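Data block below; observations after.
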2 protein chains.
Amino acid sequence: MSDALQFHLEHTCGQARAGMITTRRGSIPTPVFMPVGTQATVKALSPLELEEAGASIILGNTYHLYLRPGHELIRRFGGLHRFMAWDRPILTDSGGFQVFSLGDLRTISEEGVEFRSHLDGSRHFIGPEQAMDIQEALGSDIMMAFDECPPSTADYQYVQRSLQLTTRWAERCLQAWRQRDRQALFGIIQGGLYQDLRLQSLTQLMELDFPGYAIGGLSVGEPPCQMYEVIENLAPHMPADRPRYLMGVGTPVDLVEAVARGVDMFDCVMPTRNARNGTLFTSTGKLNIKNARYADDHEPVDARCECYTCRTFSRGYLRHLYRTGEILGLRLNSLHNIHYYINLMQQIRGAILENRFDVLRDSVLDIYK
Amino acid sequence: MSDALQFHLEHTCGQARAGMITTRRGSIPTPVFMPVGTQATVKALSPLELEEAGASIILGNTYHLYLRPGHELIRRFGGLHRFMAWDRPILTDSGGFQVFSLGDLRTISEEGVEFRSHLDGSRHFIGPEQAMDIQEALGSDIMMAFDECPPSTADYQYVQRSLQLTTRWAERCLQAWRQRDRQALFGIIQGGLYQDLRLQSLTQLMELDFPGYAIGGLSVGEPPCQMYEVIENLAPHMPADRPRYLMGVGTPVDLVEAVARGVDMFDCVMPTRNARNGTLFTSTGKLNIKNARYADDHEPVDARCECYTCRTFSRGYLRHLYRTGEILGLRLNSLHNIHYYINLMQQIRGAILENRFDVLRDSVLDIYK
């Protein structure tokens with residue numbers, strides 16, 4: 001375990017868990033959704049708005065921040081928190097996923113990954129030690145181990161070799177982990193859609209003993225039911241006293257289905273990206289604000305929502321902002337969707353604590369499936 | 001005069017005036033800068049942020065709102081205030097300037113102007129009666145008379161004929177002006193850079209007796225000194241008991257120079273447009289946040305500024321946001337520049353009231369000239 005993070009499991013309802021993560025920078029009630037702040041900003045939103053929306057933790061992307069503005073620059077600013085004026089906890093990914101999804105001309109070796117920047121083609125190398133050093137510079141409260149993310153098309157043998165490499169890298173991450181009283185470190189379970197390989201990966205990582213465990217390599221194109229199956233088979237074997245983080249997921253349905261299977265933490269660009277495309281999440285389902293039917297609609301996006309957007313503006317006005325390409329539209333849509341996601345997680349948590357999670361889950365499935 | 005607007009001249013310091021405009025929707029201390037909300041939003045900012053920055057009135061553009069989303073739609077929403085959730089006063093221009101600067105294939109007749117939309121090429125006609133009807137639908141607190149804006153290259157004869165047409169249109173605007181207890185109507189002085197024509201235009205409009213007078217057709221490419229000369233010669237002939245509005249102006253230097261010559265009201269896209277291009281106004285001059293020298297700069301944009309941007313973020317962070325094209329950068333820059341402009345006008349007003357305007361004017365000229 002780490003002095004930087006404590007996890008207290010408060011209550012379960014079936015496999016669904018309500019807990020509390022405690023860090024130096026504040027508590028994180030779980031299940032929790034972490035808004036994604038790729039480039040040291042959750043797109044279109046201010047730190048103040050995120051706080052007001054109830055975000056208890058956000059995510060930063062190591063790969064992007066390493067390339068621009070550079071982790072050493074952020075270190076000189078006193079870390080990512082001070083750089084972006086966010087006082088609450090931050091989780092940083094390891095850069096692994098983006099190196100594999102964005103970096104060009106990757107060469108993987110036992111040592112790490114050599115790649116070219118997607119921005120300017122410059123050559124870089126990140127291995128476990130570099131990933132730890134970068135995240136130490138960023139000063140995140142939860143760091144992620146450096147992992148290989150095999151392509152979704154990879155065969156059994158490739159995935160098996162890959163997860164073993166990920167385990168060896170995880171071990172090197174533990175070795176390179178210095179600020180144990182300030183930064184926690186989570187291991188990442190790989191193994192694709194192969195149940196036995198997932199268990200193999202988990203078992204190896206558990207022997208290394210991480211303060212938390214993430215499930216990586218899902219939501220990369222496979223049908224949701226396959227993702228749920230992996231989680232369902234994996235979660236019962238994960239330590240109950242450590243937070244469980246499903247990386248890069250997902251839709252409202254994904255959230256309730258994964259919570260139902262024992263997941264505690266989520267991150268996804270969906271609420272902010274969809275907002276910028278005009279797709280809004282509401283208590284009655286998705287709403288496409290681009291639609292001409294909203295031109296003359298004087299109602300708020302969601303009459304039951306208490307965000308600034310819904311308290312203040314009409315669908316007709318939001319449609320006008322979208323249509324005219326106005327920045328305020330991107331802002332108000334993003335604010336609403338982040339509010340929806342955080343509020344959904346708060347509702348899920350409340351339902352678990354009150355033993356009525358199944359009812360809430362069914363209502364989300366009714367609306368969003 | 002109009003029941004919709006009262007103007008009280010509080011104090012003068014040389015030609016500079018401090019006054020108070022009173023409307024149903026609130027008071028406007030003058031001199032005043034009006035942020036421009038072309039498409040029913042001051043670009044990148046929320047109404048709440050504008051209020052917090054101290055904006056007492058904003059401007060809406062009739063031409064843009066007429067084309068999109070349409071004035072009849074805004075009428076159904078209860079007017080522009082409710083549509084965009086802005087409770088304080090709004091001034092709308094008449095559409096004249098944009099018809100001439102943006103509309104395609106314009107045909108000017110005694111009746112009005114036929115033109116094609118710059119958005120989709122559709123044909124439209126706006127004359128004085130239409131301009132009044134559109135502004136009535138928008139429900140602005142101050143409407144502008146429909147004027148012809150001759151090109152800056154127009155010769156004496158053209159400008160003379162044009163200002164006479166503008167006067168006849170102004171008369172028709174007065175005829176078509178209905179909501180006199182709710183909406184004021186300002187006349188617009190034309191006459192290009194010809195002093196005698198400016199006086200001719202003013203005299204004709206004063207005979208019609210407007211609640212306020214605007215100076216149009218300036219800041220269209222002429223050297224600033226010529227603009228100042230026009231104002232200097234014109235202002236002493238303008239009625240002292242009516243607000244004077246210099247349209248589409250300007251730089252900080254323009255503001256102090258025009259106030260020094262007796263102008264009360266201003267609007268300009270400069271603070272918001274420059275913000276989006278990374279140019280920030282500060283108490284020590286302009287600052288280009290794109291500049292590499294700010295990459296590692298931990299200081300705020302302006303240590304003397306009290307806006308959210310300066311209270312919260314460093315130049316280094318703002319440069320990072322600009323460089324990565326993040327929306328938050330456009331927001332924070334816009335917020336700062338609007339704050340600078342409004343604060344500058346508040347300082348100007350305070351200096352006039354305390355008979356020390358010349359000192360303030362000199363200090364702005366020192367910094368910005």
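This structure is a prediction, so every number in the text was calculated from the model and none was measured.
For A/R276, the part lying near chain B is the side chain, with the backbone staying farther off; criterion is any non-hydrogen pair under 4.5 Å. Only the side chain of B/E326 comes within contact range of chain A, judged by heavy atoms closer than 4.5 Å. Using a 4.5 Å cut-off between heavy atoms, A/S314 touches chain B through its side chain atoms alone. Using a 4.5 Å cut-off between heavy atoms, B/E72 makes no contact with chain A at all. Contacts between B/R331 and chain A at a heavy-atom distance below 4.5 Å involve the side chain alone, from C-beta outward. In this structure, chain A has a heavy atom under 4.5 Å from the side chain of B/L321, while its backbone stays farther away. Proximity to chain A (any heavy atom under 4.5 Å) is shown, for B/T324, by both the backbone and the side chain. Heavy atoms closer than 4.5 Å to chain A are found in both the backbone and the side chain of B/F77.
Crowding of A/F97 atom CZ: a count of heavy atoms from other residues, nucleotides or ligands under 6.0 Å not exceeding 12. Taking a 6.0 Å sphere around CZ of A/R88, one finds it holds more than 12 heavy atoms contributed by other residues, nucleotides or ligands. A 6.0 Å sphere centred on CZ of B/R75 holds more than 12 heavy atoms belonging to other residues, nucleotides or ligands. A 6.0 Å sphere centred on CZ of A/R304 holds no more than 12 heavy atoms belonging to other residues, nucleotides or ligands. Counting heavy atoms of neighbouring residues, nucleotides and ligands inside a 6.0 Å radius, atom NZ of A/K290 exceeds 12 of them. Counting non-hydrogen atoms of other residues, nucleotides and ligands closer than 6.0 Å to CZ of B/R273 gives a total of 12 or fewer.
Annotation: residues 133-141 of chain A contacts chain B through no residue [non-hydrogen atoms, separation under 4.5 Å].
Of the listed residues (B/A85, B/G329, B/A40, B/P69), the one with the most heavy-atom contacts under 4.5 Å to chain A is B/P69. When each of A/R319, A/E49, A/R82, A/H64 is scored by its heavy-atom pairs under 4.5 Å with chain B, the top score falls to A/E49. Here B/L328 is the residue among B/I74, B/L332, B/L119, B/L328 with the most heavy-atom pairs under 4.5 Å with chain A.
Under the 30°/60° scheme for interplanar angles, the aromatic rings of B/H320 and A/F83 are found to be tilted.
Smallest separation of non-hydrogen atoms from A/T41 and B/Y317: CB-OH, 3.6 Å.
In this structure the side chain of B/S46 never reaches within 4.5 angstrom of the side chain of A/F313, judged on heavy atoms.
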